[in-house]
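Only one structure is covered here, and it is reproduced in the block below.
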Amino acid sequence: MAEADGTRRDPEAVSRFVEHFAAQLVEAGLPRMPARVFAALLASDSGALTSAELGEQLRISPGAVSGAVRYLAQVHMLSREREPGSRRERYRVHSDQWYETLTSREAVLKRWEDALREGVAGLGADTPAGRRIAETLAFFEFLEQEFTALMERWRVHREKTFGGA
């Protein structure tokens with residue numbers, strides 16, 4: 001397997017990594033095919049592959065690639081870009097992909113918090129269910145506050161460790 005810089009990599013080692021990391025993502029709750037596609041993109045030096053390249057590397061159908069990239073785009077784990085001068089799309093992960101993915105979850109936490117507030121109000125804060133929901137709400141509010149500080153610490157650490165990468 002030749003990479004963009006002309007170096008050669010062992011395709012079996014790449015495949016083992018892709019399948020092993022994908023299995024870890026599946027265990028964490030990601031569907032199998034999107035996990036495999038994400039791991040393949042992550043393992044490519046360019047961080048970007050076409051649908052055909054993904055299908056060939058993973059030995060999956062164009063439909064499987066399409067469904068996987070649709071899912072990954074919806075959860076902000078990849079971006080789509082047009083190949084210059086072509087109608088083909090490339091799918092890309094970025095070096096800060098995890099940061100971007102986790103940051104996009106803040107909007108989800110906000111919606112959960114709103115729903116939990118409604119639950120506390122509707123069930124009553126003095127009921128067992130209301131107290132349980134209030135504690136859940138407090139947990140998500142705590143996560144949101146800590147998350148902001150954590151992401152800032154990550155940006156500083158990343159800059160020191162990797163430069164402007």
(message) Please give me the minimum heavy-atom distance between Arg92 and Ser46, naming the atom from each residue.
(response) NH1-O, 2.8 Å
(message) Using the rule that Ile, Leu, Val, Met, Phe, Trp and Tyr join whenever any side-chain heavy atoms are under 4.5 Å apart, tell me whether Leu42 and Val14 fall into a single cluster.
(response) yes
(request) May I ask you to test the Ser51-Tyr91 pair for a side-chain heavy-atom distance under 4.5 Å? (result) yes
(message) Counting only heavy atoms not in Arg59 (residues, nucleotides, ligands), do more than 12 fall under 6.0 Å from its CZ?
(response) no
(message) If you define the side chain from C-beta out and look only at heavy atoms, does anything of Met77 sit under 4.5 Å from Leu41?
(response) no
(message) Taking Thr50's backbone N and O only, do any of them form a donor-acceptor pair with Glu53's side chain (distance below 3.5 Å, no angle check)?
(response) yes
(message) Looking at every heavy atom in both Ala64 and Met33, which two are closest together, and how far apart are they?
(response) O-CG, 3.8 Å
(request) Sequence neighbours left out, what passes side-chain hydrogen bond (donor to acceptor under 3.5 Å, both in side chains) with Arg88? Give chain and number order. (result) Glu83
(request) Taking the side chain as every heavy atom from C-beta outward, state whether Val69 and Leu78 have any pair of such atoms under 4.5 Å apart. (result) yes
(request) Decide whether Val37 and Val26 are clustered together by the hydrophobic rule: side chain heavy atoms of Ile, Leu, Val, Met, Phe, Trp, Tyr closer than 4.5 Å, transitively. (result) no
(message) If we ignore hydrogens and angles and just use 3.5 Å, is the side chain of Thr148 paired with the main-chain N or O of Glu144 as donor and acceptor?
(response) yes
(message) Once you measure the plane-to-plane angle for Phe21 and Phe17, does it fall in the parallel (<30°), tilted (30-60°) or perpendicular (>60°) bin?
(response) parallel
(request) Could you walk me through whether Val93 and Leu72 pass the side-chain contact (heavy atoms from CB on, under 4.5 Å) test, one step at a time? (result) CA-CA 10 Å; Val93 293; Leu72 292 167; over 6 Å; no
(message) Holding to side-chain hydrogen bond (donor to acceptor under 3.5 Å, both in side chains), I want the full list of residues that pass it with Arg32, two or more places apart in sequence or in another chain.
(response) none
(request) Using modelled atom types only, decide if a donor and an acceptor are shared between the side chain of Thr161 and the backbone of Arg158 within a distance under 3.5 Å. (result) no
(request) State which residues pass side-chain hydrogen bond (donor to acceptor under 3.5 Å, both in side chains) with Glu19; sequence neighbours excluded, sorted by chain then number. (result) Arg36
(request) For Arg131 and Ala125, work out which heavy atoms get closest and say how close. (result) CG-O, 3.2 Å
(message) Can you give me the closest heavy-atom contact between Ala39 and Ala22, atom names plus distance?
(response) CB-N, 4.1 Å
(message) Under the ring-ring contact (aromatic ring centres under 6.0 Å, His included) definition, can you give me all pairs with a residue in residues 41-63, not counting sequence neighbours?
(response) none
(request) Would you give the length of the straight line joining atom CG of Leu150 to atom NE2 of His157, rounded to the nearest 0.5 angstrom? (result) 11.0 Å
(message) With a sphere of 6.0 Å drawn around CD of Glu135, does it hold more than 12 non-hydrogen atoms of other residues, nucleotides or ligands?
(response) no
(message) Which residues end up grouped with Val108 if you chain together Ile, Leu, Val, Met, Phe, Trp and Tyr wherever their side-chain heavy atoms are less than 4.5 Å apart?
(response) Leu109, Trp112, Leu116, Val120, Leu123, Ile133, Leu137, Phe139, Phe140, Leu143
(message) If you compare all heavy atoms of Ala43 against all heavy atoms of Val18, which two are closest, and at what distance to 0.1 Å?
(response) CB-CG2, 3.9 Å
(request) State, yes or no, whether a side-chain contact exists between Val65 and Leu58 at a heavy-atom distance under 4.5 Å. (result) no
(message) Taking Glu152 first and then Arg155, would you say they form a salt bridge - that is, a charged N and a carboxylate O separated by under 4.0 Å?
(response) yes
(message) Under a 3.5 Å distance rule, please check whether Arg80 uses its side chain to pair with a backbone N or O of Glu89 as donor and acceptor.
(response) no
(message) Going by the rule side-chain hydrogen bond (donor to acceptor under 3.5 Å, both in side chains), which residues pair with Arg117 if we only count those two or more places apart in sequence or in a different chain?
(response) Asp114, Glu141
